[in-house]
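The figures that follow rest on heavy atoms only: side chains count, while hydrogens, waters and symmetry mates do not. Both ligands and their constituent atoms are indexed starting at 1 by order of listing.
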Amino acid sequence: MTLTRREVLGAVGIAAGSCALSSCAMEGMGSFQGGTGKKVFPWKYTELDPDITARRAYYYYDKGHCMYAAFAPAISQLADKYGEPYRSFPVEMMRYGAGGVAGWGSLCGAVNGSAALMSLFVKKEDELKQLVDELFLWYQQTELPQYVPQKPALKIEIAKSVSNSVLCHVSVTRWCKVSGHKTFTKPQKERCKRLSAETAKKTVEILNAHFASRFSAARKHNEKTQQCRSCHTKGSELQNTRGKMSCTSCHSSIADDHGLI
Ligand code: HEC
Ligand code: HEC
């Protein structure tokens, strides 16, 4: 009997780890399906209440910081409704994102947790990217936080700022400059709590729209970034950079005509 390639590949799924491919490419992989098993991914999403999400996120911040706060509310609501597998998700792992990953000031934990959440439910890579783009552009371009909790832990007016960056370092420090507060203070924590709540809420709004087939991308890169990318990114003449962050948030002093001379 001769097997087609498809049949051989199918057999690998059943006799996982048994090295059924002639190339033995799977040898040493054990029985781990690498997340490609249909049953385990993606997880099912059902419409969630954005306001409940924000309230829970604000509360959860105290349990595990920003990334945890952005991720846990959706999982906890789905666990309340359906139990498993949501109930067993080890949401504590999301604590790593605090302060831009273990305090490194890199990717803001609120958007990191939100992108992780989207990735749990949205399988198609191009769709996932669209949703993440929308959230990240919103985060970069919007005066935040606007969210005011019903029972604030700290009853003060929180200044709003535009981060122009998804980096924790830039986002927090821009806010410090606008508000006059230092980082590692109660007002800064309150700002990040509200920001996490608002980001979690926005994420659920995007996911609700996506799964109701009414999502359409509303935001674009700012003009400068579009310009820069036209010469420097994938498919362009130089193709020597990657990324979608606002270029001028770091390259603020580059001459407008630098590439043209
Ligand atoms: C978070 C800060 C940051 C952001 C945002 C950023 N860059 Fe950079 N970029 C850097 C740093 C730092 C270097 C310097 C690397 C070096 O030369 O050591 C660099 C280098 C470069 C270079 C130089 C490559 C070379 O050949 O010397 C180009 C071109 C560039 N960036 C384009 C972009 C574009 C286009 C964007 C927007 C899509 C962008 N950058 C966004 C920080 C940033
Ligand atoms: C019209 C095409 C074009 C556009 C638009 C453009 N660049 Fe460039 N850029 C170039 C060329 C060409 C070079 C020189 C490349 C080399 O020498 O390897 C360059 C070099 C650079 C460098 C490294 C050298 C330096 O001067 O520091 C950085 C950083 C850079 N560009 C960032 C940017 C950013 C940020 C933007 C948007 C504000 C941008 N570029 C827009 C074409 C362009």
Under a 3.5 Å threshold, yes or no: a donor from one side chain and an acceptor from the other, between Asn164 and Ser246? yes
Is a side-chain donor-acceptor pair under 3.5 Å present for Tyr139 with Ser114? no
Polar side-chain atom of Glu134 near backbone of Ala217 as donor-acceptor pair, under 3.5 Å: no
Test log, rule side chain to side chain contact (heavy atoms under 4.5 Å, CB included), inputs Ser196 and Cys66: CA-CA 6 Å; Ser196 300; Cys66 46; 3.5 Å; yes
His232, N/O/S atom nearest atom 8 (Fe) of ligand 2: NE2
Determine, using heavy atoms of Ser246 and all atoms of ligand 1, whether some pair is separated by less than 4.0 Å. yes
Taking only non-hydrogen atoms of Leu167, do any sit less than 4.0 angstrom from ligand 1? yes
Counting the benzene-type ring for Trp, do His169 and Trp104 have ring centres under 6.0 Å apart? no
Quiz question for you: does at least one protein heavy atom lie closer than 4.0 Å to [atom]?
{"atom": "atom 7 (N) of ligand 1", "answer": "yes"}
{"atom": "atom 31 (N) of ligand 2", "answer": "yes"}
{"atom": "atom 38 (C) of ligand 1", "answer": "yes"}
{"atom": "atom 16 (C) of ligand 1", "answer": "no"}
{"atom": "atom 41 (C) of ligand 1", "answer": "yes"}
{"atom": "atom 24 (C) of ligand 2", "answer": "no"}
{"atom": "atom 12 (C) of ligand 1", "answer": "no"}

Does some side-chain heavy atom of Trp138 sit less than 4.5 Å from a side-chain heavy atom of Arg219? yes
Quick one: are Gln239 and His232 in side-chain contact, heavy atoms under 4.5 Å? no
Check Lys189 with Asp62, please: is the shortest side-chain N to carboxylate O separation under 4.0 Å? yes
Atom 8 (Fe) of ligand 1 has as its nearest N, O or S atom from His251 the atom NE2
Using a strict cut-off of 4.0 Å, indicate which atoms of ligand 1 neighbour a heavy atom of [X].
{"X": "Ser249", "value": "5 (C)"}
{"X": "Gly243", "value": "38 (C)"}
{"X": "Cys228", "value": "35 (C)"}

With Glu190, which of Arg194, Lys186, Gln188, Lys193 fulfils side-chain hydrogen bond (donor to acceptor under 3.5 Å, both in side chains)? Arg194
Smallest separation among heavy atoms of Leu131 and Met118, with atom names: O-CE, 3.7 Å
For [atom], which protein heavy atom lies nearest, and how many Å away is it?
{"atom": "atom 43 (C) of ligand 2", "value": "Cys231 CB, 3.4 Å"}
{"atom": "atom 26 (O) of ligand 2", "value": "Ile254 CD1, 3.9 Å"}
{"atom": "atom 2 (C) of ligand 1", "value": "Cys250 SG, 1.9 Å"}
{"atom": "atom 34 (C) of ligand 1", "value": "Cys247 SG, 3.5 Å"}
{"atom": "atom 14 (C) of ligand 2", "value": "Leu238 CD1, 4.8 Å"}
{"atom": "atom 22 (C) of ligand 1", "value": "Thr241 CG2, 4.2 Å"}

Would you compute the distance between atom OG1 of Thr248 and atom CD1 of Ile254 and round it to the nearest 0.5 angstrom? 11.0 Å
Under 4.0 Å from a heavy atom of Gln227: which atoms of ligand 2 are those, numbered in the order shown and with their elements? 5 (C)
Atom 8 (Fe) of ligand 2 and His258: any N/O/S contact shorter than 2.8 Å? yes
Structural part of Asn240 in contact with ligand 2, heavy atom criterion under 4.0 angstrom: neither
Go through the steps for Asp80 and Arg56 under the test salt bridge (charged side-chain N to carboxylate O under 4.0 Å, His left out), then give the verdict. CA-CA 13 Å; Asp80 289 348; Arg56 289 195 184 192; 2.8 Å; yes
Which class fits the ring pair His65 and Tyr61: parallel under 30°, tilted 30 to 60°, perpendicular over 60°? perpendicular
Please lay out, stage by stage, how Phe71 and Phe89 fare under the test ring-ring contact (aromatic ring centres under 6.0 Å, His included). CA-CA 11 Å; Phe71 188 87; Phe89 194 103; 5.1 Å; yes
